[in-house]
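Both backbone and side-chain heavy atoms feed into the values below; hydrogens, waters and symmetry mates do not.
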Amino acid sequence: MIRHLLRPLSYLSIEHKQKWIVDWLYPFIFSVISTAIIFILKKYGVISLYADGGMIAKILGFVQGLPGFYIAALAAIATFNKTDIDKTMPAPAPKIDIVVQGRNVVIELTRRRFLCSMFAFLTAESLIIIVLAIFAQSVYAPMKSLVSEPWQIWISAAFMFTFFLLFWQMILASFWGLFYLGDRLHQPDPNN
């Protein structure tokens, strides 16, 4: 049951030598920079994080519309009528480990499977970000009264870093998906 619920996150298990850069390295770098800037600005009272109209609320307002877009893109890709989309991606093709009749099998991905996996992941990640944002706004005030100030800063910094990591991961994967949908999907493979 849990394995089926986590299936949209299988995009992260796709193996390709450069995919980790988009999935983890760039989001990590952007998260460190974003968290540092946010806490410098917060220290000087220039920015609010958890209040109505603060950073979390603004990101929440932006992200709330994305699941519908991602689901529409997923439906379009799943039903897109073009034979090239079902060919294995050019070498070195991304690979994923799937379960076939109870056994793990590594397969090379087609563009359709890659994009479907990506947009299912983006839908799930956007929903997780929405829930985290709502949770953060709801828990901040009670937590502030229960936790001493030095711990508040560390907990808030850890949360914001994690929140930004997911946010930047979603943004970068979205741009990658848009690149594939808008350009790469319509280009011939180099070996053709």
Side-chain angles (χ1 to χ4, degrees), residues 1-16 18-31 34-35 50 54-82 84-89 93-100 104-139 159-186:
M1 172 77 170
I2 296 294
R3 187 174 68 196
H4 296 295
L5 291 174
L6 297 176
R7 196 71 188 147
L9 301 178
S10 67
Y11 164 80
L12 292 174
S13 67
I14 293 174
E15 298 171 18
H16 189 271
Q18 295 179 336
K19 187 174 165 291
W20 73 274
I21 295 170
V22 174
D23 289 345
W24 298 108
L25 181 62
Y26 290 154
F28 179 84
I29 292 168
F30 290 159
S31 299
S34 299
T35 304
Y50 304 100
M55 174 71 72
I56 297 287
K58 289 179 180 177
I59 291 174
L60 176 62
F62 166 69
V63 174
Q64 281 177 323
L66 293 179
F69 163 76
Y70 293 141
I71 290 169
L74 181 58
I77 294 159
T79 59
F80 193 56
N81 191 16
K82 186 176 180 188
D84 290 352
I85 197 171
D86 291 317
K87 291 180 185 174
T88 301
M89 294 174 76
K95 297 175 183 170
I96 192 167
D97 192 16
I98 63 169
V99 178
V100 177
N104 287 342
V105 178
V106 176
I107 62 167
E108 290 184 337
L109 295 177
T110 63
R111 284 196 175 93
R112 184 185 311 270
R113 186 132 193 190
F114 176 74
L115 287 168
C116 283
S117 180
M118 176 186 282
F119 281 98
F121 165 74
L122 288 169
T123 302
E125 189 165 48
S126 64
L127 293 171
I128 290 168
I129 290 170
I130 290 167
V131 170
L132 283 176
I134 292 168
F135 177 79
Q137 287 185 306
S138 302
V139 170
F159 173 80
M160 289 306 297
F161 175 80
T162 304
F163 186 77
F164 278 130
L165 183 69
L166 295 174
F167 176 75
W168 287 118
Q169 188 177 58
M170 180 190 70
I171 294 297
L172 292 169
S174 296
F175 278 117
W176 197 12
L178 290 172
F179 163 71
Y180 260 88
L181 288 176
D183 182 61
R184 187 65 191 104
L185 195 62
H186 307 287

Please state whether the rings of F167 and F164 are parallel, tilted or perpendicular, taking 30° and 60° as the class boundaries. perpendicular

Starting at [atom1] of [X], measure out to [atom2] of [Y] and round the result to the nearest 0.5 Å.
X	Y	atom1	atom2	answer
F175	Y26	CZ	OH	14.5 Å
T123	I128	OG1	CD1	11.0 Å
I129	I56	CD1	CD1	10.0 Å
K19	F114	NZ	CZ	6.5 Å
D86	N81	CG	CG	9.5 Å

Would you name the heavy atoms of [X] and [Y] that are closest together and state the gap between them?
X	Y	value
A93	H16	C-CD2, 4.3 Å
M170	L122	O-CD2, 3.5 Å
I14	S117	CD1-OG, 3.8 Å
L60	Q137	CD2-OE1, 3.7 Å
I85	T110	O-CB, 3.6 Å
W168	P27	CB-CA, 3.9 Å

Decide if atom CZ of F28 counts as having more than 12 heavy atoms of other residues, nucleotides or ligands within a radius under 6.0 Å. no

Does a sphere of radius 6.0 Å around NZ in K95 hold more than 12 heavy atoms from other residues, nucleotides or ligands, not counting ones at 6.0 Å or beyond? no

Give the intermediate values and the outcome of side-chain contact (heavy atoms from CB on, under 4.5 Å) for residues R113 and I107. CA-CA 11 Å; R113 186 132 193 190; I107 62 167; 3.5 Å; yes

Under 3.5 Å: donor-acceptor pair, side chain of R111, backbone of K87: no

Side-chain donor or acceptor of S13 paired with backbone N/O of S10 under 3.5 Å: yes

Is there a side-chain contact between [X] and [Y], using heavy atoms and a 4.5 Å cut-off?
X	Y	answer
D23	Y11	yes
W24	L12	yes
L115	F80	no

Before giving the answer on side-chain contact (heavy atoms from CB on, under 4.5 Å), spell out for F30 and Q169 the whole-Å C-alpha distance, their side-chain angles and the decisive distance to 0.1 Å. CA-CA 9 Å; F30 290 159; Q169 188 177 58; over 6 Å; no

For residues 65-74, please give each side-chain donor-acceptor pair under 3.5 Å, one per line with the distance, not counting sequence neighbours.
unit_1: Y70; atom_1: OH; unit_2: S174; atom_2: OG; d: 2.4

